[in-house]
Amino acid sequence: MGSVKIENVYKTFEPDFTVVHDINLDIFDKEFIVLVGPSGCGKSTVLRMIAGLEEISKGTISIDNIVVNDIPAKDRDIAMVFQNYALYPHMNVFENMAFGLKLRKYDKGEIKKRVVQAAEILGINLLLERKPKALSGGQRQRVALGRAIVRKPKVFLFDEPLSNLDANLRVQMRTEISRLHNQIETTMIYVTHDQVEAMSMGDRIVVLKDGKIHQVNSPLNIYNNPADKFVASFIGSPTMNFISGVIRVDDEIKFEVKNSRFVLKIPMEFKKRLAGYSGKELVLGIRPENIQTKPHRENLNLAKIPGTIEVIETVGNEMFVYFLSDTKEKIIARIPPDSNLRINDSFTFYFDTAKLHFFDKETEKAI
């Protein structure tokens, strides 16, 4: 078993700088959970408190229903993989992977068996005699993973382990770690600032900002139903577009932007959700992929949005088009690469109004 329970946890550095505020989180046995958020949001501090590398200022952390607040890191039955690999340069791969087992007085036969098994799982069985300086970045990261695997811990902790790798290798290692989780079926807690890593790897994602949890859910649910404006802006690349305006709810639902002729007709299925906000200022959100350049006859929810194209980014299988709408808002559309668009062109885009999000202007909570 490898369940982790975090209850009302705070972390305060002297004199009164609190970096983690009342975190509550249940992590299930064999789950792959990702803590994601911008730099300084407290995600690595939470991980280090689980590991026992940081003291908890207030609250409790339990592993398998045993409170570990006062249990030393070495006795928590966890293994941690760091950003910088932390390999011993004078030891070869086998010795690096075996080091923790030797400290725990395992016999030589068991050590060899575990190291060879882990090396085969990670595809580094031909590298066991090499020193770290003779390895690539990806190979070093595999060795760091192997050193954790041989321990057979209840919980694996990953602190931004891929941030030192190049883009192609990061994609490869993401797949390797996900495959590893499926193969060894152990609880994994993974910290990253990269929302693409979070979306592609986690069973659930924990989105943090300023030391507080904003949302916990599956990647798809967080993407489609963000809890607030921050989550909507942080999860998704390019980011969600936002437009401030006033909602009018009567026989029709309309979204109007102040000092503009911009009026967007909203589908009636939003009426129940927006009825209490009639006449109030809200923030409308729409993801770039829900903006089209051509109206599709089968989609009756499209609304025309005139604009002037400012920047076009072609990224192989798609284009990101940045345009200035009549509301003077800068908006990003994600469209197919064969679209015949040019910078400075005036162009009519189409919002899929069935895919709109609305946020309270003051609280920024989703409506």
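Residue pairs meeting the salt bridge (charged side-chain N to carboxylate O under 4.0 Å, His left out) criterion with at least one partner in residues 90-113, sequence neighbours excluded, are Glu110-Arg114.
Side-chain contact between Met80 and Leu47 is present, with at least one heavy-atom pair separated by less than 4.5 Å. Side-chain contact between Thr293 and Val321 is absent, with no heavy atoms from C-beta onward closer than 4.5 Å. By the 4.5 Å heavy-atom criterion applied to side chains, Ile243 and Phe351 are counted as neighbours. Considering only heavy atoms from C-beta on, Ile56 stays 4.5 Å or farther from Val20 through its side chain. Considering only heavy atoms from C-beta on, Ile149 comes within 4.5 Å of Leu122 through its side chain. Between Ile33 and Val4 the shortest side-chain heavy-atom distance does not fall below 4.5 Å. Using a 4.5 Å heavy-atom cutoff, the side chains of Glu329 and Phe262 are not in contact.
Not counting sequence neighbours, the partners of Arg48 by the salt bridge (Lys or Arg N to Asp or Glu O under 4.0 Å) test are Glu54. Scanning for ring pair (Phe, Tyr, Trp, His ring centres under 6.0 Å) contacts around Phe270 gives Phe358, with sequence neighbours left out. The salt bridge (Lys or Arg N to Asp or Glu O under 4.0 Å) search around Glu185 returns none, not counting sequence neighbours. Looking at residues two or more places apart in sequence or on another chain, you find no side-chain hydrogen bond (donor to acceptor under 3.5 Å, both in side chains) involving Arg287. Partners of Tyr10 according to the ring pair (Phe, Tyr, Trp, His ring centres under 6.0 Å) rule, which considers only residues two or more places apart in sequence or in another chain, do not exist here.
Residues Ser244 and Lys361 have side chains that bring a donor and an acceptor to within less than 3.5 angstrom of each other.
Closest non-hydrogen pair, Ile63 versus Ile78, comes out as CD1-CG2, 3.9 Å. In terms of heavy-atom proximity, Ser178 sits nearest to Ser200 at OG-O, 4.5 Å.
Seen from the ring of Phe234, Lys209 does not count as a face-on cation partner, given the 6.0 Å and 45° thresholds. Both tests do not hold together for Lys30 against Phe28: distance to the six-membered ring centre under 6.0 Å, angle to the ring axis within 45°.
The closest donor-acceptor contact from the side chain of Arg140 to the backbone of Pro132 lies under 3.5 Å.
Between His357 and Phe359, the angle of the ring planes stays under 30°, which puts this pair in the parallel group of the 30/60° scheme.
Atom NZ of Lys154 sits in a crowded spot, with more than 12 heavy atoms from other residues, nucleotides or ligands closer than 6.0 Å.
In summary, Lys254 and Glu256 do not engage in a salt bridge, as defined by a charged side-chain N under 4.0 Å from a carboxylate O.
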